[in-house]
Amino acid sequence: METIIQILNDNYIGKEVKIHGWVYRVRSSSKLCFIVMRDHSGVIQTVGRMEDFNGDDFKNLANLTIESSLEISGTLNKDERAITGYELRIKSFKIFQRNENFPITKDQGEEFLLDNRHLWIRSREFNAILKIRSTIFKAFSEFFFKKGYYEVHPPMMVSTATEGGSTLFKVPFFGETAFLTQSSQFYLETFIFSLEKVFTVSPSFRAEKSRTWRHLTEYWHAEGEVAWIGNEEMMDIEEAMIKYIIKEVLEQNKEELTLLNRDISALEKSLEPFHRMTYTELIKKAQEFGLDLKFGDDLGADEERAIMVHFDKPIFVTHFPEELKTFYHRPDPQNPGYILCHDLLAPEGYGEIIGGGERIWSLDELRSRIQKAGLKEEDYYWYLDLRRYGSIPHSGFGLGLDRLCLWIMKQSNIKDIIAFPRTIRRLRP
RNA sequence: GCCGUUGUAGCUUAGCUGGUAGAGCACUCGGCUGUUAACCGAGCGGUCAUCGGUUCAAAUCCGAUCAACGGCGCCA
């Protein structure tokens with residue numbers, strides 16, 4: 001048994017091969033039928049000639065429906081008329097299932113395809129998306145393993161919010177109420193006291209009623225936490241990580257990127273050094289670009305997009321004013337009122353994909369920030385304990401892997417790069 | 001949560017200022033020896049989201065309801 005990608009190759013010309021897969025397209029006339037077959041690896045045109053078959057065999061072949069499953073044996077020829085340049089002349093075949101008409105035909109609306117996502121993921125386009133996504137996830141972990149990090153596994157069911165928000169999913173938990181995690185950052189901070197350099201890839205859940213092109217209710221969160229380093233060094237690591245992922249995708253998924261019409265040279269730009277600027281500098285730049293942004297404003301989606309059309313590489317934005325960030329971020333001792341943190345904005349209008357920075361490591365400072373934020377110390381007893389016993393400087397980050405996928409594949413909606421998106425209005429399929 | 005748009009055949013849709021529903025795809029049947037989500041001929045398929053109102057007459061105008069989609073905020 002061969003895979004399709006394997007036999008799209010001159011070495012197989014004239015040889016007898018056997019493939020299995022699904023009918024991608026079928027066309028027939030009275031004495032000739034074309035069945036384009038697909039498997040996970042690609043598509044190939046096969047041709048059935050009436051003279052090659054006995055009895056009803058030709059008819060059975062010509063009457064196959066899209067997505068029927070079968071096994072085909074035949075000889076391979078080169079043929080420019082065929083979709084992928086080679087053609088298999090069918091000698092024999094075995095049908096596993098001739099199915100009813102496949103629900104997805106041409107001219108489908110987005111919503112219909114979402115309702116039928118369980119079937120649509122078979123499409124060539126989605127197949128390419130899933131392959132690139134797989135590379136992105138793999139490369140993320142690979143990068144950190146190569147740097148000596150440990151992968152850790154924080155809980156998804158938690159008792160408190162990370163950021164004190166009200167956007168948590170409640171889950172009954174043996175008489176108590178548990179929440180689905182929004183971020184594993186606090187747990188990662190516990191791990192560094194054992195392992196020093198850790199990362200995790202796990203889902204995060206946000207019950208926010210977002211309806212935008214870049215929000216999911218359940219999304220894949222890649223987080224890292226590193227002992228003994230500060231904001232600058234954290235950014236260096238993230239920059240190397242993003243470049244590593246892009247390089248891997250460029251190496252392993254050229255074909256898929258082409259199938260998606262991704263402009264590869266635009267992506268290659270991000271292998272050059274990223275821009276870095278402070279929040280204050282960014283606001284100034286934005287004002288130069290003619291944007292109505294005042295100091296103290298958070299960057300909205302429109303602003304991010306308007307700013308990012310001026311850059312072709314990612315930008316780290318650092319030193320946000322204290323009021324714009326949550327309590328655990330460490331204020332800059334050199335710049336009172338500013339935070340040692342960073343957001344990474346992706347180019348081509350994609351905006352924020354990473355949030356990270358240095359964490360407060362002094363117990364007193366953390367307690368006062370918790371108080372200021374109006375939160376209860378009891379809820380954070382174990383987080384505070386980390387500052388009681390051998391506290392150290394450390395930094396971390398959270399990367400929205402789906403957002404990274406969105407940008408790398410240059411799709412227009414985050415739902416397009418995950419097989420089964422969960423949003424405020426979609427729980428199925 | 002706020003703002004906006006849309007709802008016509010299985011799917012994609014046309015239908016202007018009211019006159020009683022049209023197409024493409026899919027499907028069924030027939031034809032075709034080189035097709036590229038082929039082509040040609042015929043057929044099947046619609047309580048125009050729901051409820052109510054205006055009118056001689058409503059897919060079309062008005063109101064309500066429901067559903068979906070898009071944008072913002074929140075963030076990754």
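Letters A, B, ... mirror the listed sequences (proteins, then strands); counts begin at 1. Only heavy atoms go into these numbers, but all of them, side chains included; no hydrogens, no water, no symmetry mates.
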Q: Using whole Å, report how far CZ of A/F112 lies from C1' of B/U13.
A: 15 Å
Q: Any strand is fair game: report the nucleotide pairing with B/G70 by Watson-Crick or G-U wobble, both distances under 3.5 Å, or none.
A: B/C3
**Q.** Nearest-angstrom distance, P atom, B/A38 to B/C27
**A.** 10 Å
Q.
Less than 4.0 angstrom between a side-chain N/O of A/R211 and OP1 or OP2 of B/G71, yes or no?
A. no
Q. So which nucleotide does B/U36 pair with, by the Watson-Crick or G-U wobble rule with both distances under 3.5 Å?
A. none
**Q.** Base paired to B/G24 (Watson-Crick or G-U; both N/O distances under 3.5 angstrom)
**A.** B/C11
Q. If you find the nucleotide of RNA chain B closest to A/V47 and the one closest to A/N101, which residue's nucleotide is nearer the 5' end?
A. A/N101
Q) For A/F274, is the NZ or CZ atom of A/K243 found under 6.0 angstrom from the centre of its six-membered ring and inside 45 degrees of the ring axis? A) yes
Q.
Does any part of the side chain of A/E352, heavy atoms only, come nearer than 4.5 Å to the side chain of A/E304, both counted from C-beta?
A. yes
(Q) If I pick the C1' atom on B/C72 and the same atom on B/U36, what distance separates them, to the nearest angstrom? (A) 44 Å
Q.
Is A/R214 close enough to B/C72 that one of its side-chain N or O atoms is under 4.0 Å from OP1 or OP2 there?
A. no
(Q) Between A/K209 and B/G71, is there a contact of a side-chain N or O with OP1 or OP2 at under 4.0 Å? (A) no
